[in-house]
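For reference, the structure discussed in these notes is given below.
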Amino acid sequence: MPELPEVQTVVAELQEARLLGRRITDVKIRWQKIVATPQVDKFRRDLTGQTLADFTRRGKFIMIKLQSGKWLLIHLRMTGQLLILPANRPVTKHEHVILRFDDRRTLRYHDPRKFGRLYLVDEPEQIISNLGWEPLDRAFTLKAFSAKLSRFKRQIKPLLLDQTFIAGLGNIYVDEALFEAYLHPLRSANSLKPPEIAALHRAIRRVLRKGIQNRGTSLGNGKANFASINRRRGRNQESLKVFQRQGQACPRCGTVIRRIAVGQRSTHFCPHCQRQNR
DNA sequence: GTCTATGTTTGCGG
DNA sequence: TCCGCAAACATAGA
């Protein structure tokens, strides 16, 4: 669930939490598979004593720079959340990794489905080198996007979900961007005409920026859905035009929004605004 | 009991 | 090589 705007919101809140300069005094790992690399013993040893130096984001990865030069990368996958709590707060069921700091606070990785992963590495490139563009970066130009799109025959939706093509988009923002750009999710990438490509480029950036402004999309009751630090909810769900709105009227034309499966993912679109042909 | 889920990776077959 | 598909991860909620 956490996509670029949600991860960006978490990173912003980490920055606001005055954790920089704090030293990690203890590392508890309650579910070993959450630690992707290195081996849990080494992970615990290497992380203990480290001081937090910076928080950034790349794609859907939270990147925590440590004073030693090492990096702690966190991927929340579908249901990961971070909590900052006093050390004496009892540990709850889904808290799988707990970092304790020298100010008696803790950073806790919480994840009911246990799909998320933590990586402790010397070079972040080891993990993120295969990621595609940052869509809000200057390097993501219309010209470059256009040139690369034409090289793929794939359906546009699975291509936009491919993190090695463009990093940070997930099911929600892809559906919203395709709606914004009037494009059917099954169109093949190399069939898009220049005006359509320009519309898609603009739409991707627009829906992501709005998602960030709204501090992310928090669907449902928040339990297994996105929330930023300490369960803070976003409000971008109020701005969604098609995602999970099947059966309701398209906000632009009133046609009933449909849901289909594309590449094993539920896909929401307006059959009138987003026509398949041409 | 059934079905679904917003992410990513891997392996298979065409 | 490209591409679509299915499964795996593991659990909660409807």
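No experiment lies behind these values; they were computed from the predicted model shown. Residue numbers begin at 1 in each chain, while the letters A, B, ... track the order of the sequences. FYI, side chains are in, hydrogens and waters are out, and symmetry mates aren't considered; it's all heavy atoms of this structure.
- For the pair A:L161 CG and C:dC3 P, the interatomic distance rounds to 15 Å; values are reported in whole Å.
- For the OP1/OP2 pair of C:dT11 and a distance below 4.0 Å, the side-chain nitrogens and oxygens of A:K93 include no atom meeting the criterion.
- No contact: A:Y173 has no heavy atom under 4.0 Å from any strand.
- Between A:K114 and C:dT11 there is a side-chain polar atom (N or O) within less than 4.0 angstrom of OP1 or OP2.
- Between A:K153 and C:dG4, a side-chain N or O to OP1/OP2 separation shorter than 4.0 Å is absent.
- Looking at heavy-atom distances under 4.0 Å, A:R113 makes contact with a base.
- For the P atom pair drawn from B:dT4 and C:dA6, the interatomic distance equals 13 Å after rounding to whole Å.
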Salt bridge (charged side-chain N to carboxylate O under 4.0 Å, His left out) for A:D162 and A:R154? Distances and angles first, verdict last. CA-CA 11 Å; A:D162 186 339; A:R154 295 171 70 184; 2.9 Å; yes

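- A salt bridge is absent between A:E95 and A:K28; no separation between the charged side-chain nitrogens and carboxylate oxygens falls under 4.0 Å.
- At whole-Å resolution of the value, CD1 in A:I156 and C1' in C:dC3 are 15 Å apart.
- Between C:dA10 and A:H94, no contact under 4.0 Å exists linking OP1 or OP2 to a side-chain N or O.
- Residue A:R154 places no side-chain N or O under 4.0 Å from the OP1 or OP2 atom of C:dC2.
- Across the protein-nucleic acid pair, A:I127 atom CD1 and B:dT9 atom P stand 10 Å apart, rounded to whole Å.
- Look at CE on A:M78: it is 16 Å from P on C:dA8, rounded to the nearest Å.
- Counting to the nearest Å, the P atom of C:dA8 and the CZ atom of A:R117 are 16 Å from each other.
- The separation of C:dT1 from B:dT8, taken at their P atoms, amounts to 24 Å, rounded to a whole angstrom.
- Residue A:Q163 is in sugar-phosphate contact alone, with no base atom involved, counting any heavy-atom pair closer than 4.0 Å across all strands shown.
- C:dT11: Watson-Crick or G-U partner is B:dA5, with both key distances under 3.5 Å.
- For the side-chain hydrogen bond (donor to acceptor under 3.5 Å, both in side chains) criterion with A:Y173, the lone passing option out of A:K210, A:E180, A:E6 is A:E6.
- Across C:dG4, C:dA10, B:dT8, the shortest atom-to-atom separation from the side chain of A:Q155 is found for C:dG4.
- Ring planes of A:F165 and A:W133: perpendicular class, angle over 60° (limits at 30 and 60°).
- Within 4.0 Å of A:R259, counting heavy atoms only, lie sugar-phosphate atoms of the nucleic acid but no base atom.
- With hydrophobic clusters built from ILVMFWY side chains whose heavy atoms lie under 4.5 angstrom apart, A:I62 shares a cluster with A:L19.
- Between A:K60 and B:dT8 there is a side-chain N or O to OP1 or OP2 distance below 4.0 Å.
- Along DNA chain B, the nucleotide closest to A:S266 and the one closest to A:Y119 are compared, and the more 5′ of them pairs with A:S266.
- Put simply, A:F115 rests on the base of C:dC9: the two rings are less than 5.5 Å apart at their centres and nearly parallel, under 30°.
- Between the P atom of B:dT8 and the CG atom of A:L169 lies a distance of 10 Å, rounded to the nearest Å.
- Between the C1' atom of C:dC9 and the CG atom of A:L118 lies a distance of 16 Å, rounded to the nearest Å.
- One atom, CG of A:L160, and another, P of C:dC3, lie 13 Å apart when rounded to the nearest Å.
- In this pair, A:Y109 and A:H96 present their aromatic rings tilted. The plane angle is within the 30 to 60° band.
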